[in-house]
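First, the structure itself, so that you have it in front of you.
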Amino acid sequence: LRGVCLRARGFVFVTLLDKEKATEAGHDENYESGSHAAIRAVGEPPARSRCRANLLMVSNGMTAWRQLSIAFLAMLLLAVVPRSSSGQTYEGRELVQASLVADVTAIVPGKPFTVGLLLRMVPNWHTYWKFPGDAGIATEIKWNLPPGWKAGEIQWPIPLKLNEPGDIQIYGYHDEVLLMQEITPPASFAGPATKLLAEANWLVCEKICIPGSARLQLELPVSTQNARANEDLFARYRRSLPQAWPESKIAGASWKRSGPELSLTVVSAALVNYPVIDFFPLPVGTLVVGHPKTERGAGGEITFRIPLETQDQKLSSLSGIVVFGQDANGPGRNAWLLAGTAPASNVSVALPSSFPASSGLAKFLLFGFLGGFILNLMPCVLPVISLKIFGFIQQAGQSRARILRSGLAFAAGIFAWFIGLAFLLIALKSAGREITWAFQFTNPHFVLFMSAVVLVFALNLFGVFEISLPQSANRGLLGWTAREGEAGSFFQGVFATVLATPCTAPFLGTALGFAFTQSGWTILLMFVAIAAGMSSPYLLLSAQPAWLRLLPKPGAWMERVKQLMGFFLLATLVFLLWVLGAERGVEAIIWTSCFLLALSVACWMKGAFLVPTASTAGRLIALVLMLVIVLGSAWYFIGEKFNATKLVSAETQTRGDWLAFTPERLQIELDQGRAVFVDFTAAWCLTCKFNEANVLEAGAVRDAFQRHGITKIKADWTNADPAITKILKQFGRPGVPMYVLYPGNHAEPILFPELLTQNLILEKLETVSPHVAAE
Amino acid sequence: MKTKLLTTLLTLAASTALFAADSPAVGTTAPDFSLTDSKGKTQTVSQYKGKYVVLEWFNPDCPFVKKHYGSGNMQKLQEEFTAKGVVWLSIDSSAPGLEGNLTAEQAEKKIAEWKTKQTAFVLDPDGKAGRIYGAKNTPHMFVINPEGKIVYEGAIDSKATPNPSDIAGSTNYVKVALEESLAGKTVTTPSSRPYGCSVKYK
């Protein structure tokens with residue numbers, strides 16, 4: 001009967017197959033003497049002694065039937081009524097004593113306080129950590145709070161790492177543990193006292209494992225002020241919580257995945273002198289991790305190697321704690337919490353509520369049109385556009401039909417590129433790829449190709465050679481692009497548009513961000529709208545040639561301006577080379593330049609020898625030589641040398657007081673309630689560079705960042721880092737630039753427009769709470 | 001400096017030893033063992049080549065094992081799949097004197113009492129099979145295909161609790177793995193984190 005009564009308190013789920021065994025007396029008496037210290041929070045007598053009292057009563061000469069019914073009643077009562085503390089008993093031994101304790105004497109409405117589940121285990125028995133290891137189950141707490149109350153996450157103290165025979169490694173707690181949670185009562189809460197109800201489930205193991213469960217309650221008065229309670233207990237367990245990842249003490253931390261192993265390398269002077277350093281993983285979902293090993297390398301490097309049993313090749317990091325101390329499982333250990341990337345939901349928590357709704361297609365199409373129009377004025381397009389303007393100047397006196405044809409051809413070039421791009425993106429999207437604006441610039445071979453085109457174009461403008469299309473009888477003053485044959489106009493349109501993509505104009509980002517999440521038709525419509533916007537001025541000028549009179553008269557000055565434009569194109573080339581350098585390093589620039597030099601020689605040969613005045617044989621030799629030079633240099637400098645260059649990691653590109661972006665870093669900063677500004681940029685993004693030079697690096701803005709204590713993070717998307725793509729998507733942006741300010745204290749992030757102004761930034765920085773800044 | 005070096009070496013040595021005992025990966029060849037079952041017959045994995053084989057680590061006193069036998073869940077699975085030609089081996093790796101260790105007689109009694117439906121009940125008191133497979137939990141499940149490759153390793157289902165009422169709302173990974181394999185499909189969840197009591201090795 002004693003068994004029945006005791007069993008009732010820590011109700012055991014599986015009774016069907018359970019068999020009673022002999023009680024080991026004596027042991028639990030020892031335990032009892034030291035077990036009640038922390039259970040006084042509510043003042044109710046501990047369950048155990050009450051049950052004893054029942055037993056005494058029961059044994060006073062009652063019939064077996066009455067004994068049984070009383071025991072049954074007691075069991076019902078005890079199972080249903082929540083208690084301040086509850087014992088789990090197995091075969092007459094009390095294995096776990098559970099109770100709720102608070103760190104305050106009373107509840108103050110609106111003021112958070114901490115409640116802990118205190119589990120006291122008999123010696124040698126353990127309950128489990130958040131990640132139990134190879135066996136076991138984490139302790140679970142289910143709160144049943146009044147409406148409007150909030151319970152935070154369980155704060156898990158650093159666990160012990162325990163080994164059992166057969167290479168079984170588990171993480172858990174011996175003797176006693178306090179699992180703390182922050183409870184926030186609503187400010188409007190009123191009442192003389194309240195009961196907080198929780199159900200706790202745990203598994204306690206020694207040689208055998210027994211699940212336990214308890215419904216617990218904590219009764220606290222409600223007051224306007226309170227004092228601290230259970231100070232020593234809470235202080236002790238707060239000290240044993242893992243601390244936030246201390247950026248300042250860590251010189252470097254990086255994850256590496258190689259096949260079935262994940263390794264974390266940490267460089268920190270604060271760590272190396274501890275004899276015991278360990279990584280306790282916190283895997284999510286069904287992920288199976290092996291036992292992490294610690295290795296010490298040269299220069300204070302510590303590498304944790306974690307075997308994985310997963311097919312998921314994308315898994316590249318893990319949450320966990322780095323535990324260090326004088327001895328394994330010793331009392332003086334410390335730990336740092338490293339939040340991994342794993343769940344995407346972690347980061348997406350920080351989305352603005354003003355996320356564009358998927359309605360209002362017309363509005364976004366208008367944005368696309370406006371964005372397309374403004375693209376004409378963006379710095380990357382200007383050299384080409386100015387040539388188009390030249391075309392119009394030249395045509396001023398010509399027939400209306402011809403002007404219209406040429407304007408239409410130019411517009412057709414713009415449309416062709418955008419519609420082609422739309423189809424490509426739709427195809428990529430249906431193939432499950434992430435699609436983004438200006439994605440082609442993340443491909444170094446595309447940038448290389450563009451460099452060659454820009455150089456050839458510039459040489460043409462300088463007059464080194466002229467391009468002769470077969471049917472061109474009357475060669476114009478300005479060569480092929482300005483010749484205003486329809487084909488020339490068409491390619492000019494294509495060219496202008498290709499150069500336009502690294503610039504994201506205002507409105508364009510919003511419009512594309514919307515379109516990219518929609519169906520293929522919407523993407524197509526959006527690109528048509530952008531093409532329409534970009535070509536609208538030319539279509540208008542072509543349709544109304546009278547307006548051309550407003551442009552200056554043609555003349556010899558145009559030849560000089562044309563050459564000047566050649567230099568603009570060379571400047572564009574410098575920019576493209578710089579992009580290549582950022583993507584592939586200095587060597588890539590050198591080899592590309594070698595190829596471009598050979599290409600220039602070929603162009604010069606074309607201008608000098610491949611002319612109608614030369615003999616057929618001479619022209620043939622020149623042509624063969626040119627081909628040899630171009631193909632040979634392409635094979636050697638590009639095929640052999642350029643392709644051997646390696647991707648440059650984003651880490652090495654971040655300079656100054658900006659931190660390089662990793663999702664973990666951002667998450668850690670945000671978890672600590674810090675204010676963070678993230679600059680999503682790319683080497684090939686001119687709008688980004690403009691914003692950085694004129695706004696973000698401007699003295700006033702730099703000072704303001706510093707004054708408000710804002711963490712500055714640079715997310716470099718030059719090589720299309722998928723982790724960054726993901727965040728861009730979450731904010732509904734198709735690409736860079738993107739600027740996000742997290743005001744700290746878990747407030748909603750602020751999304752800035754693509755073109756920044758100093759005032760815009762300074763204004764928003766004022767909203768960052770000074771409290772956070774002070775920290 | 002010396003102590004640091006020593007610690008490093010010790011850590012390394014210890015961790016290599018630990019590493020060696022991890023479970024064989026999904027997709028690799030299932031290791032073989034030769035043990036006696038409760039009826040005195042020899043049981044190996046290799047003798048069942050050409051058939052699907054389920055290995056189930058068993059401990060009659062573990063609440064997580066009781067969860068699945070007490071509810072009849074495990075017997076139902078055993079019945080369903082042995083009827084489809086799948087070989088089901090329950091393995092008890094508890095060492096003598098520790099929880100769950102059974103003699104052949106006790107095992108036969110348990111089979112009768114719980115009405116279990118496995119092909120054979122394998123006795124592994126030395127923990128040989130358990131250690132080769134890196135079995136850490138009861139129940140810890142493996143599914144081996146007719147080519148002798150492991151196609152599933154891990155928990156029995158998706159709800160890691162000792163509470164039988166959680167069975168209804170859970171996904172039974174072993175059932176899914178067997179159904180998918182038998183239908184010629186690849187297994188969607190080839191591994192999961194096993195849950196339960198630790199295997200009671202010596």
Side-chain angles (χ1 to χ4, degrees), chain A residues 12-19 21 131-138 140 162-170 201 203 205-213 260-261 272-278 283-297 305 307-312 328, chain B residues 3-4 7-8 11-12 14-23 25-27 59-64 66-67 69-71 93 95 98-100 113-114 127 130-131 134-138 153-155 158 160-165 173 189-202:
Chain A
V12 176
F13 291 117
V14 188
T15 50
L16 184 62
L17 300 162
D18 227 9
K19 278 189 180 166
K21 292 180 187 167
F131 172 59
D134 292 332
I137 304 284
E140 178 187 57
L162 304 169
N163 286 305
E164 294 180 29
D167 182 28
I168 294 168
Q169 188 173 293
I170 63 104
N201 295 299
L203 183 71
C205 299
E206 187 212 16
K207 296 271 188 307
I208 59 172
C209 298
I210 313 291
S213 177
E261 189 191 79
V272 283
N273 292 324
Y274 287 97
V276 175
I277 308 172
D278 230 327
V284 289
T286 61
L287 178 67
V288 184
V289 297
H291 305 159
K293 298 184 285 174
T294 308
E295 277 172 25
R296 290 166 191 259
R305 300 190 181 280
L308 295 177
E309 281 176 36
T310 177
Q311 317 279 359
D312 180 8
Chain B
T3 50
K4 214 196 275 178
T7 331
T8 313
T11 318
L12 268 176
S15 49
T16 337
L18 292 175
F19 195 50
D22 271 346
S23 293
V26 170
N59 169 354
D61 297 324
C62 165
F64 297 88
K66 289 182 194 171
K67 167 188 174 186
Y69 278 101
S71 60
S93 296
L98 296 181
E99 184 197 55
E113 188 189 336
W114 286 9
R131 282 175 215 261
K136 303 211 170 78
N137 291 255
T138 51
E153 186 252 316
S158 59
T161 73
N163 193 345
S165 65
Y173 293 134
T189 310
S191 74
S192 66
R193 196 187 302 153
Y195 72 88
C197 311
S198 53
V199 175
K200 308 305 175 190
Y201 296 106
K202 190 108 222 176

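The chains referred to below are lettered A, B, ... by the order of the sequence lines, with proteins before strands, and numbering in each begins at 1. Here the structure is a predicted model, which means the values were calculated and not measured.
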Original post:
Atom CG of A:N201 and atom OG1 of B:T161: how far apart are they, to the nearest 0.5 Å?
Top reply: 8.5 Å

Subject >> Pairwise distance OG(B:S191) to CG(A:L287) - rounded to 0.5 angstrom >> reply: 8.0 Å

**OP:** Output the distance between atom SG (B:C197) and atom CD1 (A:I168), rounded to the nearest 0.5 Å.
**Re:** 10.5 Å

Original post:
Quick one: what part of B:K202 sits under 4.5 Å from any heavy atom of chain A, side chain, backbone, both or neither?
Top reply: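 It is the backbone, since no side chain atom gets that close.
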
Subject >> Contact summary for A:C209 and B:K200, nearest pair of heavy atoms >> reply: SG-NZ, 4.1 Å

Original post:
Can you tell me how far CD of A:E206 sits from OG of B:S198, rounded to the nearest 0.5 angstrom?
Top reply: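 Between B:S198 OG and A:E206 CD, I get 10.5 Å after rounding to 0.5 Å.
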
Original post:
Would you find a donor on one side and an acceptor on the other, under 3.5 Å apart, between the side chain of A:D134 and the backbone of B:N137?
Top reply: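 Checked: no pair found.
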
Original post:
Do B:R131 and A:D167 have side chains that get closer than 4.5 Å, going by heavy atoms?
Top reply: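 Not touching, per the 4.5 Å side-chain cut-off.
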
Original post:
What part of A:I170 gets closer than 4.5 Å to chain B, counting heavy atoms only: side chain, backbone, both or neither?
Top reply: neither

